[in-house]
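Accompanying notes for the structure given below.
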Amino acid sequence: MQPLPGFRDFYPPDFAFRQLLFSRWREICRRFNFVEYDGPVLESLELYQKKSGEEILNQIYHFLDKGNRIVALRPEMTPTLARMIEAHYKEYKKPIKWFSIPQLFRYERAQKGRLREHFQLNCDIIGEADLEADIELMNLAIDILRSFGLGKEDFIVRISDRQFWSEFLTKKGVAIEEWYQFFQAIDKIERDPKEEIERRLGGLAKEVFELIEKPCYWERFDVVLEGLRHRKLEEYARIDLRIVRGLAYYTGIVYEIFDKAGKFRAIAGGGRYDDLLKLFGGEDIPAAGFGMGDVVLGEILKEKRLLEPSFPRLDVYVVFPEGKKNALGLLLIEQLRSSGFSVEFSFHPLKMKKQLAQAQSLNARFALFVTEKIAEGFVELKNMDERKQFVIPVEQLVGFLEKKE
RNA sequence: GCGGCCGUAGCUCAAUUGGCAGAGCACCAGAUUGUGGCUCUGGGUGUUGCGGGUUCAAGUCCCGUCGGUCGCCCCA
């Protein structure tokens, strides 16, 4: 039996890697005073139809439950967040700064950096319209990557603005129904041949290419870049009008973070979505956020060997010579564990040589020899690294081990 | 959903024109009757992904299927 296509098993080393990644995410979010939340993995499909439109439906993992509800494994966190925020918006001081590490799902063929399931750090600032919030989010994303040891030679934040293109298209008199096609074409510039893009852009092609090559002055970019400059982060970012992002709900600054070598998919992406919350409660609430998945980032960190989890050492391996366990020894094991030490022993009788080999392969700090002498209050403790062994009274054991911490 | 490549032991892989399924690592046991990393010896742990077909004979060739991988579509 294997996991379903596109799903992963996390064996202990994989799980340790994942936990280390998550703990780093949490730590940096805490520094920016974001607090963690979560929501249901399963949502009504309607939640996603509300904002995404019908064509995205075949990408969603959805099915009929036993109550004949059409349910979906969450493909993204933002709709859940929007629903949660809308229901309790008034309770919270603004701006609301929340993060989550949801497991997300999509129904499509797996490929490099894209599985049917992944974990994605989501950071959002809600109730703040100022561009400073967008800058804060970019700052957070950059600091997270830097905390892993990635530098400006490793990644770049490519920043664009939906409003820039909206204004351009309005000025050119392009009907709103055609905007989607336009954004699709922009999005493909890096992958499709130039002639194909020119055909799709039609009369606007020449001007669009010029703008992308050398954007004209746009005050909002100035504000963002100035904000990054104040933080000495300008070298981590650049304006790039080719970034539009697929999601329909973005309304302002959008950005994606890529590895500089161009070997991987986007590491993170985000933007402002000021109109989305309105769909859930009618209230006009500004919001912005980004997502960062565990798959692409994990691939990069593994390639660069920047995140190598280590397992904690075993404190004590209890050796019963000749495999003869006794009640006092087993009680001592229980007492040591109650005192907070990790303790292991062989369940079945083993020769002493085997027991010590076990202790070593488990990376134990100490081997504790328990013989009949425990009845008189004595055991022998062996420091596995120094290979030194000595008799110690049972009542001094905990104190000694604590001192050694 | 579509296309390319791939599928042999727990892992990495080998097996000539179709001719007895193997190696290293890992694992288990012993050498060693109270003390760990080394060494030596022994053990193959397998439905060659699965199901058909061709053939005296299939890991090898053909068809189907499942899975992996890379790409397309789409991108949260």
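Chain letters run A, B, ... following the sequence lines, proteins first, then strands; residues in each count from 1.
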Any N/O donor-acceptor pair, R109(A) side-chain to rC73(B) base, under 3.5 Å: no
P5(A) side-chain proximity, nearest of rU69(B), rG67(B), rG37(B): rG67(B)
Below 4.0 Å: OP1/OP2 of rG36(B) and any side-chain N or O of K353(A): yes
Closest listed nucleotide, where the reference is the side chain of K351(A) and the choices are rG34(B), rG30(B), rC75(B): rG30(B)
Which nucleotide in rG71(B), rG37(B), rA76(B) has an atom nearest any side-chain atom of K112(A): rG71(B)
Among rG36(B), rG71(B), rA29(B), the nucleotide that comes nearest once only the side chain of A357(A) is considered: rG36(B)
Rounded distance in Å between the C1' positions of rG59(B) and rC6(B): 14 Å
Listed nucleotide nearest any side-chain atom of R114(A), set rA76(B), rG37(B), rU35(B): rA76(B)
Within residues 187-197 of chain A, residues whose heavy atoms come under 4.0 Å of RNA chain B: K188(A), R191(A)
Rounded distance in Å - CE (M352(A)) to C1' (rG34(B)): 4 Å
Below 3.5 Å, can you tabulate the donor-acceptor pairs from side chains in residues 250-271 of chain A to any protein atom, sequence neighbours excluded?
unit_1	atom_1	unit_2	atom_2	d
T251(A)	OG1	R272(A)	O	3.4
T251(A)	OG1	D274(A)	N	3.0
E256(A)	OE2	R245(A)	NH1	3.0
D259(A)	OD1	F264(A)	N	3.1
D259(A)	OD2	G262(A)	N	3.0
D259(A)	OD2	K263(A)	N	2.9
K260(A)	NZ	K152(A)	O	2.9
K263(A)	NZ	E303(A)	OE2	2.2
R265(A)	NE	K112(A)	O	2.8
R265(A)	NH2	Q111(A)	OE1	2.7

Check: Q111(A) side chain, rU69(B) base, donor-acceptor under 3.5 Å: no
Residue-phosphate contact under 4.0 Å: Q184(A) side-chain N/O, rC75(B) OP1/OP2: yes
5'-to-3' dot-bracket of RNA chain B (Watson-Crick, G-U; under 3.5 angstrom; crossing pairs as [ ]; | other strand): (((((((..((((.....[..))))((((((.......))))).)...(((((..]....))))))))))))....
